[in-house]
Amino acid sequence: MADLLDEDAISEALGRLPGWQREDEATIVRFAKLPSFREAIATVDEVADLAEEHDHHPDMDIRFNSLKFKLSTHSEGGLTAKDTDLAGKISAVLDRRGAD
Ligand SMILES: C[C@H](O)[C@H](O)[C@H]1CNC2=NC(N)=NC(=O)C2=N1
């Protein structure tokens with residue numbers, strides 16, 4: 001259970017989450033390109049581990065070496081700290097793997 005973030009909290013969080021953007025009211029997204037398809041898949045696999053660890057699961061879209069991560073807290077119908085926390089962890093994986 002996590003509280004819905006208000007607009008100020010969402011703006012503040014996005015300010016410290018480079019690459020993440022609002023897709024709609026309830027969703028934040030980040031696009032990333034990896035050097036190869038295999039590296040994109042390995043990145044998805046690593047994010048899957050994070051998702052299981054946090055019991056919070058992003059939608060992940062794979063197009064060759066391009067990835068899209070989409071976060072929302074379905075149980076609350078919007079954005080919570082679970083989304084912004086996991087977004088930061090996904091960004092750390094993307095940085096380490098040299099995504100652009
Ligand atoms: C039972 C389980 O904790 C819930 O279904 C979790 C699992 N993963 C989830 N992931 C996301 N993105 N939003 C949720 O509300 C959510 N709920």
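Owing to the predicted nature of the structure, the values given are computational and were not obtained by experimental measurement. One-based numbering, in listed order, for ligands and for the atoms of each.
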**Message:** Would you call the rings of Phe37 and Phe64 parallel, tilted or perpendicular, taking 30° and 60° as the class edges?
**Reply:** parallel

**Request:** Measure the CZ-CG distance between Phe31 and Asp61 for me, rounded to the nearest 0.5 Å.
**Result:** 8.5 Å

**Request:** Please answer whether the main-chain N or O of Lys33 pairs with a side-chain N or O of Asn65 as donor and acceptor at a distance below 3.5 Å.
**Result:** no

**Item:** Side chain Asp83, main chain Thr27, donor-acceptor under 3.5 Å
**Value:** no

Show the distances, to 0.1 Å, for all pairs joining an N/O atom of ligand 1 and a protein N/O atom that are shorter than 3.5 Å, listing one pair per line.
residue, atom, partner, partner atom, Å
ligand 1, 3 (O), Asp55, OD1, 3.4
ligand 1, 3 (O), Asp55, OD2, 2.5
ligand 1, 8 (N), His57, ND1, 2.8
ligand 1, 10 (N), His57, N, 3.0
ligand 1, 12 (N), His57, O, 3.0
ligand 1, 12 (N), Ser72, O, 2.8
ligand 1, 13 (N), Ser72, O, 3.2
ligand 1, 13 (N), His74, N, 3.4
ligand 1, 15 (O), His74, N, 3.0
ligand 1, 15 (O), Ser75, N, 3.1

**Asked** At what distance, to the nearest 0.5 angstrom, does NE2 of His74 lie from CG of Asp59?
**Response** 5.5 Å

**Asked** How long is the gap from CG on Leu79 to CG on Asp24, to the nearest 0.5 Å?
**Response** 8.0 Å

